Amino acid sequence: IERHYGRQWVQLDARHNAYFLWNWNSGVLQLDYDGKPVREIPLPLPLRQLRLIPKQKEFIVVHDQLTIARYDENGNNLWTVNNPALIELSDQISSDIEVSDSGKHLAISCFDRGVFVYSDAESIRNIELEFPVSHTALSRNGRRLILADSQGGLFLVDLDGNIIWDHTLQ
């Protein structure tokens, strides 16, 4: 991809009839479905993690181990928060960052500190399990999470942290 677009791009995502290329220090490049550059989206760097919000033309960005921000398609900041726990960004293991289709809910796994769930950045919930949370998945409507712990446990929980069901993988 570098030879075609002049910079090193490491992530590709497709949304809203376009492709988006990004890298932590290269920014975001929007391509049409024929692969032709449309525009660069002026998001502040670094972009350690980036998620496109499925039903919005907006982005969730993790800038560093604490800072999470939401931007519109023109790079305007809609909100910024500091997560209460470190967001793991290493190459070996990184925090899961999931966003609901509408963008209303955002979930970030923080291992021994559990999962932090944001609702439009105005309210935050912390869901903790007995063992560190290694992975999280957020339902499309944002009302349920599937959490995996470090001991092989799977949990379906609601936004209040109530366990709906659990299962241990062998």
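Quantities reported herein were computed from a predicted structural model and do not represent experimental measurements.
For Lys104, the salt bridge (Lys or Arg N to Asp or Glu O under 4.0 Å) partners are Asp120, not counting sequence neighbours. Arg39 pairs by the salt bridge (Lys or Arg N to Asp or Glu O under 4.0 Å) definition with Glu73, not counting sequence neighbours. Remark: His105 pairs with no residue by the ring-ring contact (aromatic ring centres under 6.0 Å, His included) rule, at least two apart or across chains.
Between Leu129 and Phe155, the closest side-chain pair of non-hydrogen atoms falls below 4.5 Å. Counting heavy atoms from C-beta outward, Ile53 and Ile60 have side chains that approach closer than 4.5 Å.
Judged by distance alone, with hydrogens and angles left aside, the side-chain atoms of Ser134 form a donor-acceptor pair with the main-chain N or O of Ala148 at under 3.5 Å. A donor-acceptor contact shorter than 3.5 Å links the side chain of Ser109 to the backbone of Asp96. The backbone N or O of Asn74 sits less than 3.5 Å from a side-chain atom of Asp72, completing a donor-acceptor pair.
Using a cutoff of 4.0 Å between basic side-chain nitrogens and carboxylate oxygens, Arg144 and Asp158 are not scored as salt-bridged. Electrostatic pairing of Arg113 and Glu128 does not count as a salt bridge here, judged by no charged N lying under 4.0 Å from a carboxylate O.
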**Message:** Under the criterion side-chain contact (heavy atoms from CB on, under 4.5 Å), I'd like the reasoning laid out for Ile68 against Trp79: C-alpha separation, chi angles, the key distance, then a yes or no.
**Reply:** CA-CA 8 Å; Ile68 307 160; Trp79 54 255; 4.1 Å; yes
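Taking the six-membered ring where tryptophan is involved, the planes of His63 and Tyr71 are perpendicular, since the angle between them exceeds 60° and thus also 30°.
Side-chain atoms of Tyr19 and Asp32 include no donor-acceptor pair closer than 3.5 Å.
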